[in-house]
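Each remark here refers to the structure printed beneath this line.
All chains are named by letter (A, B, ...) in the order of the sequence lines, taking the proteins before the strands, and each is independently numbered beginning at 1. Note that this is a predicted model, so its numbers are computed, not measured.
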Number of protein chains: 2
Amino acid sequence: MSRTIRVLLAEDQSMVREALAALLGLEDDIEVVAQVARGDEVLDAARAHAVDVALLDIEMPGATGIEAAGQVHRELPGVKLVVLTTFGRPGYLRSAMEAGADAFLVKDAPAAQLAAAVRKVLAGERVIDPTLAAAALAEGANPLTDREREVLRAAADGATNAELAAALHLSRGTVRNYLSTAIQKLAVRNRAEAVSIAREKGWL
Amino acid sequence: MSRTIRVLLAEDQSMVREALAALLGLEDDIEVVAQVARGDEVLDAARAHAVDVALLDIEMPGATGIEAAGQVHRELPGVKLVVLTTFGRPGYLRSAMEAGADAFLVKDAPAAQLAAAVRKVLAGERVIDPTLAAAALAEGANPLTDREREVLRAAADGATNAELAAALHLSRGTVRNYLSTAIQKLAVRNRAEAVSIAREKGWL
DNA sequence: GGCACCCCGTGACATCTGTCATGTCCCACC
DNA sequence: GGTGGGACATGACAGATGTCACGGGGTGCC
């Protein structure tokens with residue numbers, strides 16, 4: 001019998017984080033040795049506590065779980081990465097895997113899968129919801145360029161073209177062109193719909 | 001010493017729900033006797049399991065936790081109601097209290113407050129985050145009329161005026177007028193911003 | 001070197017949005 | 001019975017938005 005698995009838990013909502021810790025605490029072979037509430041605290045904590053597995057929520061202040069996964073993957077390649085998220089957005093899955101994640105779980109899944117995933121990634125397996133994987137493959141990659149994404153993201157809360165132009169140091173016309181191409185690529189009819197679709201797919 | 005407190009847990013994300021159950025299971029005087037994932041299953045489950053306290057998430061399929069709270073409050077007035085939510089939107093707090101909730105907790109709060117709130121509501125106390133209560137009082141009630149809210153909600157994912165008119169059986173002009181008044185009431189400059197603000201305040 | 005693709009810009013044009021004035025109908029309240 | 005307010009509508013108008021055609025510059029690939 002080997003020693004217990006040392007887990008880091010990163011999730012911004014205290015109640016959920018501590019509840020997940022309680023859940024994992026019921027397992028004999030798993031120990032939650034560190035908890036953080038921000039994406040930009042993950043790397044330091046992972047190093048300081050010599051963790052085996054990092055469990056990362058995507059939606060966090062400071063840095064997203066995906067960004068944090070990338071950092072840990074580069075700096076501490078021995079640490080296994082489990083990305084946990086509310087939304088099963090195919091785009092999220094894709095970027096999580098590109099960032100070096102070993103497992104991708106949605107919070108909709110039964111709780112038992114959490115401990116199971118921790119054990120599996122440590123055994124070298126990859127854990128991905130098959131339905132989600134199929135969806136990610138079916139819809140292909142994010143068609144938007146960096147700039148288009150940036151403009152769309154900035155437009156998400158209702159800024160006008162002039163405000164966008166000022167904020168991004170572009171001309172009004174360029175902003176309109178980016179939004180126009182984004183609208184065409186997403187096959188919708190206006191920026192609001194484009195934001196809505198991009199968000200849903202995890203492309204934003 | 002009295003018998004254990006019988007709790008119903010309503011939350012759509014299995015992993016979070018089971019984790020919260022694990023957390024409450026650590027308390028000697030609390031027993032989670034029922035779990036549901038949909039708002040429209042709350043009332044039946046509360047009746048069937050003779051629960052003392054119902055713990056309700058707001059964002060759920062079928063019916064929101066607030067709607068479910070209203071049903072339980074009317075049908076089973078003896079059941080105490082704790083509303084639990086991701087977003088500390090003042091508008092949510094207001095409508096939860098109007099629906100008869102005894103406690104309002106945000107998932108950002110420390111996990112210990114959950115069990116504490118369950119015990120307090122059973123003792124007849126009301127539990128509300130003071131900061132949130134102040135915010136709710138400071139910003140006043142939802143200024144939008146039913147129709148304005150309806151139109152704004154329908155416009156949220158980027159539908160055009162013509163589509164809104166068709167969907168809501170109104171004329172294009174009327175839709176524009178509703179959106180226009182909503183925009184003025186929220187003191188913003190376009191519909192997208194209005195959606196963004198209304199959502200943030202829990203008015204949508 | 002040619003080619004594709006992204007970045008950034010302009011100007012013209014049609015359409016969509018948001019505002020305003022104005023009106024009717026119905027309901028609630030005093 | 002008057003007054004207010006919400007629901008619904010129209011028409012006119014300015015300004016914002018989306019499309020299109022057209023440029024230039026840069027990078028990377030064959």
Check the distance between [N]'s [atom2] and [X]'s [atom1] and give it to me in whole angstrom.
X: A:Ile183; N: C:dC16; atom1: CD1; atom2: C1'; value: 12 Å
X: A:Glu148; N: C:dC5; atom1: CD; atom2: P; value: 13 Å
X: B:Lys185; N: D:dG5; atom1: NZ; atom2: P; value: 11 Å
X: B:Leu144; N: D:dG5; atom1: CG; atom2: P; value: 17 Å
X: A:Asn161; N: D:dA14; atom1: CG; atom2: P; value: 21 Å
X: B:Leu164; N: C:dG18; atom1: CG; atom2: C1'; value: 14 Å
X: B:Asn190; N: C:dT19; atom1: CG; atom2: P; value: 9 Å
X: A:Glu193; N: D:dT17; atom1: CD; atom2: P; value: 16 Å

Taking only nitrogen or oxygen atoms into account, show me every contact under 3.5 Å that the protein makes with nucleotides 8-10 of chain D, one pair per line with its distance.
unit_1: D:dC8; atom_1: OP1; unit_2: B:Arg147; atom_2: NH2; d: 3.1
unit_1: D:dC8; atom_1: OP2; unit_2: B:Arg147; atom_2: NE; d: 2.5
unit_1: D:dC8; atom_1: OP2; unit_2: B:Arg147; atom_2: NH2; d: 3.3
unit_1: D:dC8; atom_1: OP2; unit_2: B:Tyr178; atom_2: OH; d: 3.2
unit_1: D:dA9; atom_1: OP2; unit_2: B:Ser171; atom_2: N; d: 2.7
unit_1: D:dA9; atom_1: OP2; unit_2: B:Thr174; atom_2: OG1; d: 3.1
unit_1: D:dA9; atom_1: O5'; unit_2: B:Thr174; atom_2: OG1; d: 3.4
unit_1: D:dA9; atom_1: N6; unit_2: B:Asn177; atom_2: ND2; d: 3.3
unit_1: D:dT10; atom_1: OP2; unit_2: B:Ser171; atom_2: OG; d: 3.1
unit_1: D:dT10; atom_1: O4; unit_2: B:Asn177; atom_2: ND2; d: 2.9

Original post:
Between A:Ser180 and D:dT17, does any side-chain N or O lie under 4.0 Å from OP1 or OP2?
Top reply: no

Original post:
So does A:Arg191 get a side-chain nitrogen or oxygen closer than 4.0 Å to the phosphate oxygens (OP1/OP2) of D:dG18?
Top reply: yes

**OP:** On DNA chain D, check which nucleotide each of A:Gly158 and A:Gln184 is closest to and give me the residue with the more 5' one.
**Re:** A:Gly158

Original post:
For A:Arg172 and A:Asn177, what are the C-alpha separation, side-chain angles and deciding distance, and is it a side chain to side chain donor-acceptor pair (under 3.5 Å)?
Top reply: CA-CA 9 Å; A:Arg172 273 149 251 118; A:Asn177 284 340; over 6 Å; no

**OP:** Check whether any side-chain N or O of B:Gln71 sits under 3.5 Å from a backbone N or O of B:Ala68 as a donor-acceptor pair, and report yes or no.
**Re:**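 Absent.
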
Subject >> Salt-bridge present (B:Glu150, B:Arg153; N to O < 4.0 Å) >> reply: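 The answer is no: the pair does not qualify as a salt bridge.
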
**OP:** Considering only NZ, NE, NH1 and NH2 on the basic side and carboxylate oxygens on the acidic side, decide whether A:Lys185 and A:Glu148 come within less than 4.0 Å.
**Re:** yes

Subject >> Nearest non-hydrogen partners of A:Leu186 and A:Pro143, listed with the distance >> reply: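 Minimum heavy-atom separation between A:Leu186 and A:Pro143: CD2-CG, 4.4 Å.
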
**OP:** Take atom CZ of B:Arg47 as the centre, draw a 6.0 Å sphere, and report whether it contains more than 12 heavy atoms from other residues, nucleotides or ligands.
**Re:**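 Atom CZ in B:Arg47 is packed in, count exceeds 12.
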
Original post:
Hey, which of A:Val42, A:Val53, A:Val33, A:Leu55 is the one that makes side chain to side chain contact (heavy atoms under 4.5 Å, CB included) with A:Leu8?
Top reply: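 Exactly one candidate clears the test, A:Val42.
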
